[in-house]
Amino acid sequence: MKFLNVCVLGLGYIGLPTASTFATHGLRVIGVDVDRKVVDTLQNGGLHIQEPGLRTLVRAALGSGNLVVQGIPEEADVFIIAVPTPFFDDKSADMRAVVAAAEAIIPYLRPGNLVVLESTSPPRTTVDLVQPILERSGLRAGGAGPGRFMLAYSPERVLPGQILRELIQNARVIGGVDRISAEAGRDLYAIFVRGEIILTDATTAEMVKLMENTYRDVNIAIANEFARLAERFEVNVWEAIAIANRHPRVSILHPGVGVGGHCISVDPWFLVEAAPDITPLIRTARQVNDGQPKYVLALIERALGGLAGRRIAVLGLAYKPNVDDLRESPAIQVACELIAEGAFVKAFEPNKPDALVKNLNTSKTLAEALEGVELIALLVAHDELRNVTPERIAELTTARVIVDAVNALDTDVWRQAGFQVFCLGVGQNQSEVV
Ligand code: SAJ
């Protein structure tokens, strides 16, 4: 099947790279966003999100004339829905943006069109939620005959920080409401995907996406629990994990400050919420990871012998290393909880020195963050923070106590330089010996 025009609804972290990539591969693309500011920014040559290489790609797409950005959809061969699916306070999925996008397509839907949902969604969303909405057009999903349109679910699975590369290289799953829809999806994504394209049904594709992120969440939770056990039993968890991972069938992830971002900390709830009676493990893993910032807070408190009135520099605010994305960041949670406990906090995010975070005093430079503090809490293993030397820090501050929550520092080197180092997942006495 050949497609010439694509209409992408939602120009966020997934929609914008996808729309731009189709455009640079010769398709005519209408990029739609309901947020006027997003549309204005893009139309004026700006960018509302940060991702390596994205500026160049969007410029090329707009410059070619193949990508047009606007506030409402128009007729096209393909409609791609790439809108956010956050959750409500009770952890149930907020599907309002998906519903609104599907409804926005109805007036433009024509026989023979393909509609693809990319947003991470609870199981059965494509067939139980999106399909009935689209069928209000009078057309029927599945098949290629008169009065028919095709419908598929194809999850985005790209890693923030590497979106542009992974969009092309990763294997792509396409789940159709029928075979014809899945094959149409394959023909569409084959325009730029170089990884394997795997066809299945829509609900399986939804499950695949949720299973991948849930698998990672559960495995991070067990790493976090191992860190707690290691502290209790005077073991260095980082060494223990490295040794365990020499086993041919073991691959333990890293403990840390908790699980942030807008994917892994959200998606497992879609499964728990859809089937609470059979998902105790997934729920518990979420709770373990959500509890990790508090665990790191307690480590900082132990290192200082109390928090009220103490002056602390927090280094790293992003949700993971080497990105500038602050969404759902556990490091920010730690910083805010320190403040709630009465500490004075100065925070520094090297990838976003101008970051403005509610209730948080952010510093534009490392020097500014370190001045006058008593303790340094290293919460994100950015390369820039890993590479800073004890000599440099010693020049910038009189603080000689450092908490390393992410195994970023060579503790021997720092101890020799006169620092007291407290590491997540390392028994206090053990840390003196290793
Ligand atoms: N983290 C740990 N320990 C680890 C690995 C990660 O504590 O060993 C933490 C990170 O610091 C971060 C969080 O987990 O706070 C999530 O980071 P991540 O790099 O694991 O994942 P994301 O959220 O950036 O992207 C994930 C990816 N999913 C998987 O790897 C299974 C990506 O492929 C998905 O496309 C993306 O979610 C998404 O959009 O769903």
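Whatever order the structure lists ligands and atoms in, that order sets their numbers, starting from 1. Since this is a predicted model, take the numbers as computed values, not measurements.
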Would you say the side-chain atoms of [X] and [Y] include a donor-acceptor pair closer than 3.5 Å?
X      : Y      : result
Arg124 : Gln131 : no
Asp217 : Thr214 : no
Gln50  : Tyr13  : no

Considering all heavy atoms, the nearest Pro123-Met207 contact =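 Heavy atoms of Pro123 and Met207 come nearest at CG-SD, 3.9 Å.
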Tell me whether the guanidinium CZ or amine NZ of Arg311 lies under 6.0 angstrom from the six-membered ring centre of Phe344 and within 45° of its axis.
->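 Not satisfied by the 6.0 Å and 45° rule.
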What residues come within 4.0 Å of ligand 1, counting heavy atoms only?
->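 Heavy-atom contacts below 4.0 Å: Glu156, Arg157, Val158, Leu159, Pro160, Lys209, Glu212, Asn213, Arg216, Ile220, Leu253, His254, Gly258, Val259, Gly260, Cys263, Ile264, Asp267, Tyr319, Lys320.
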Considering residues at least two apart in sequence or located in another chain, which fulfil the salt bridge (charged side-chain N to carboxylate O under 4.0 Å, His left out) criterion with Glu273?
->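 Residues passing salt bridge (charged side-chain N to carboxylate O under 4.0 Å, His left out) with Glu273: none at all.
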